[in-house]
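Computation of the quantities below employed the complete heavy-atom set of this structure, encompassing side-chain atoms and omitting hydrogens, waters and symmetry-equivalent molecules. Naming convention: chains lettered A, B, ... in sequence-line order (proteins, then strands); numbering from 1 in each chain.
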There are 2 protein chains.
Amino acid sequence: MDKKSPIQITLTERDDSVTITQWVYETLRGAVMNGQILPGRALTIRELAALLDVSPMPIREALRQLSAESALEIQGNRRVMVPTMTAMKFTELCEARIAIESHAAARAWPYIDSTRLAELHSLDRLIDQAQECGNLEQISILNQNFHRLLYTANPHQVTLPLIESLWLQLGPFMRLATSKLEEHYVIDRHNEAMLAIEKQDAFALQLAITADIREGIAFASTPELLHRFIEQSRTAAH
Amino acid sequence: MDKKSPIQITLTERDDSVTITQWVYETLRGAVMNGQILPGRALTIRELAALLDVSPMPIREALRQLSAESALEIQGNRRVMVPTMTAMKFTELCEARIAIESHAAARAWPYIDSTRLAELHSLDRLIDQAQECGNLEQISILNQNFHRLLYTANPHQVTLPLIESLWLQLGPFMRLATSKLEEHYVIDRHNEAMLAIEKQDAFALQLAITADIREGIAFASTPELLHRFIEQSRTAAH
DNA sequence: AACCATACTTTGTGATCACAAAAATAACTT
DNA sequence: AAGTTATTTTTGTGATCACAAAGTATGGTT
C-alpha cells in the first residue's frame with residue numbers, strides 16, 4: 001500500500017523546547033529546500049503525519065504556513081504539492097532575486113560596521129573551507145548565511161521574508177544544480193562585495209551582489225540541467 | 001469582562017462554496033488592511049472565534065497564514081498581534097515597494113497587449129469616477145487592482161505574493177493616510193504609465209510606477225500623520 | 001505600602017472524532 | 001475492450017476535548 005514515489009525526509013532530533021508544529025515546519029522546509037520531495041508529488045496530511053510520527057494537526061499548520069510562503073502550492077482540489085518548475089518561471093525567480101537582494105544590500109550598506117564586516121569575512125573563509133572539502137550542502141547553507149548576514153545589517157529591514165520565499169522556491173533546483181558543481185570550481189563574488197564595503201562604495205556592492213547571484217545561477221541553468229529538472233517535475237506530476 | 005480595545009470587524013456573508021478557513025482568512029485580512037485592528041493589540045484565538053462565530057480551528061489556520069505573510073506577528077509568548085509601525089520601517093516598506101513593483105512592471109511590459117491596455121484604461125477611468133465621489137476605500141481597492149492588472153500581464157510572474165505582503169503591511173497606515181486625502185487632489189501617474197506602454201518605452205514605465213508609488217506615499221508621510229500613527233500603535237500596545 | 005509566593009484563570013498546543021467531498025476501485029453495459 | 005456508472009476508500013475540514021504553560025489575581029509577610 002505504498003504511494004507513487006516514496007518520500008524520504010531527513011528527520012532531526014526533536015527538541016522539547018520547541019513546539020511540534022515548529023519542528024514539523026522546519027523538517028518539511030528542509031525537505032523542500034533540499035529537493036527531497038519531487039515537484040508535483042501530492043502530499044497528504046495523514047501520510048506526513050505517519051511519516052513524522054505526529055498527529056495530523058501540526059502537519060496541517062506547517063503545510064499552510066509553507067503554502068503561504070510559496071514553498072508549497074494548494075491546488076483547486078485542496079491538494080498540496082511542491083510547485084512544478086518551468087524555464088520561464090526559473091528566469092523570473094532569478095531576476096526577482098537580483099532585483100530584491102541588490103536592493104536589500106544597498107539598504108543594508110550604511111549600517112555595516114567593522115564587527116559585521118569581520119563576521120562576513122570569517123563566514124567567507126568557512127565557505128572556502130567547505131569548498132575544499134567538497135561539502136555541497138554546507139556550501140549552500142553558508143552561502144545563504146552570508147547573504148542573510150549582509151541584509152540583516154539593516155535593523156529596519158523588511159525584505160528578508162520575501163527573499164527567503166524566493167530561496168525556497170529556487171531551492172529544489174539549486175540543489176540539483178550544485179550537484180553538478182564539482183566539475184567547475186566555484187566562483188563567488190563575496191570578496192568583491194566585501195571590498196566594496198571597505199571602499200564605502202554602495203553601488204559597487206550592489207553590482208557585486210547582482211553578479212554573485214547571476215553567476216551562481218548562470219552556470220547552473222545550462223539547458224541540459226534545466227531541462228532535466230523540468231522533465232523530473234513533469235513526470236512526477238504523473 | 002471586555003477586553004482592552006474592542007475589535008470591530010466588518011462581517012461579510014459567508015458563501016457556502018468557500019471553506020470557513022478561507023472566509024475567516026479574508027475577513028481578518030480585510031480587517032488588517034483597513035486598520036480595524038489596532039497595532040499591538042493582542043489577538044486571541046478564542047476571542048476571534050466567538051467574534052466570527054466559528055470554532056477555534058479555522059481561526060488558528062487563518063492566523064498562521066497571515067503571520068507567514070507578515071500581516072501579523074507572532075511574539076515570543078506565542079501571542080499574535082498586528083505589527084507596530086516605526087518611521088524607519090515605514091520608509092523601508094515604501095522603498096521595497098518601489099524596488100519590487102518597478103521591477104515587476106518592467107518584467108510585465110513585454111506581455112502587455114492591446115486588450116490588457118484597454119482594461120488598464122477602463123480601470124483608470126473607474127478610479128477617476130471614484131475620486132469624484134470621494135469614495136476613499138473604493139479608490140484604494142481600484143488602485144491596487146490597477147497595479148495587480150499590470151504586473152499579472154506577465155504569465156510567469158512570481159513577485160505578486162511578495163508585493164501583496166508589502167501592501168498588507170502598509171495597509172493600516174495607508175488607510176489612515178488616505179483619510180486625510182480629501183484636502184489634496186489626488187495625483188496618480190497612471191496616465192504616464194499607460195503612455196509609456198503605448199510608446200513601448202519600458203524604462204519610462206518603470207519611472208512612472210516608481211513616481212506613482214513614491215508620490216502616493218510622500219504626501220501621506222507628512223511628519224504629523226506618521227507621528228500620529230506611530231503614537232496610536234504605541235499606546236495600543238499598552 | 002512594597003514584595004513575593006500561592007491559587008486561579010486564560011490561552012495556545014496537540015490529539016481525536018465526525019462528516020462530506022473527492023479519488024480510486026469495482027462492476028457493468030455497450 | 002473502452003467507457004460509464006456504482007461502490008468503496010481516502011482525504012481535507014471543522015468541532016471538541018485534555019493539558020501544560022503563561023498570565024492574572026489573591027493573600028500574606030516583611
According to the salt bridge (charged side-chain N to carboxylate O under 4.0 Å, His left out) rule, which pairs have a member within residues 74-86 of chain A, sequence neighbours left out? none
I45(B) CD1 to dC19(D) P, straight-line distance once rounded to whole Å: 19 Å
I59(A) atom CD1 is separated from dT13(C) atom C1', nearest whole Å, by 14 Å
For R79(A) and T21(A), take the nucleotide of DNA chain C holding the closest heavy atom to each; which residue's nucleotide lies nearer the 5' end? T21(A)
Which residues within residues 7-16 of chain A lie with some heavy atom under 4.0 Å of an atom in DNA chain C? none
Where the side chain of T44(B) is defined as all heavy atoms beyond and including C-beta, which of dA22(D), dT11(D), dG12(C) is the nearest nucleotide? dG12(C)
Per the side chain to side chain donor-acceptor pair (under 3.5 Å) rule, what does the pair list look like for residues 109-119 of chain A, sequence neighbours excluded? R116(A)-T152(A)
Does N77(B) have a side-chain nitrogen or oxygen under 4.0 Å from the phosphate oxygens OP1 or OP2 of dG12(C)? no
Enumerate donor-acceptor pairs with a distance under 3.5 Å from any side-chain N or O in residues 68-77 of chain B to protein atoms, sequence neighbours excluded.
| residue | atom | partner | partner atom | Å |
| --- | --- | --- | --- | --- |
| E69(B) | OE1 | Y25(B) | OH | 2.9 |
| E69(B) | OE2 | Y25(B) | OH | 3.0 |

H147(B): partners by ring-ring contact (aromatic ring centres under 6.0 Å, His included), with sequence neighbours left out: Y151(B), H190(B)
Output one line per pair: protein atom, nucleotide atom from nucleotides 15-18 of chain D, and distance, for all N/O pairs under 3.5 Å.
| residue | atom | partner | partner atom | Å |
| --- | --- | --- | --- | --- |
| dA15(D) | OP2 | S55(B) | N | 3.1 |
| dA15(D) | OP2 | S55(B) | OG | 2.1 |
| dA15(D) | O5' | S55(B) | OG | 3.4 |

Quick check: are there more than 12 heavy atoms from other residues, nucleotides or ligands sitting under 6.0 Å from CG of D15(B)? yes
Rounded off to whole Å, could you give me the CD-to-P distance for the E47(B) and dT11(C) pair? 8 Å
Under the side chain to side chain contact (heavy atoms under 4.5 Å, CB included) rule, collect the residues that match up with T27(A), sequence neighbours excluded. I9(A), L11(A), W23(A), L52(A)
Would you indicate what L63(B) reaches in the nucleic acid, counting non-hydrogen atoms under 4.0 angstrom: base, sugar-phosphate, or nothing? nothing
May I ask you to decide whether R29(B) forms a salt bridge with E164(B), counting only side-chain N to carboxylate O separations under 4.0 Å? yes
Partners meeting side chain to side chain contact (heavy atoms under 4.5 Å, CB included) with R107(B) (sequence neighbours left out): T91(A), E92(A), E95(A), H103(B), N154(B)
Rounded to whole Å, how long is the line connecting atom CD of E61(B) with atom C1' of dG12(D)? 10 Å
For E26(B), enumerate each residue passing the side chain to side chain contact (heavy atoms under 4.5 Å, CB included) test, keeping only those at least two apart in sequence or located in another chain. Q22(B)
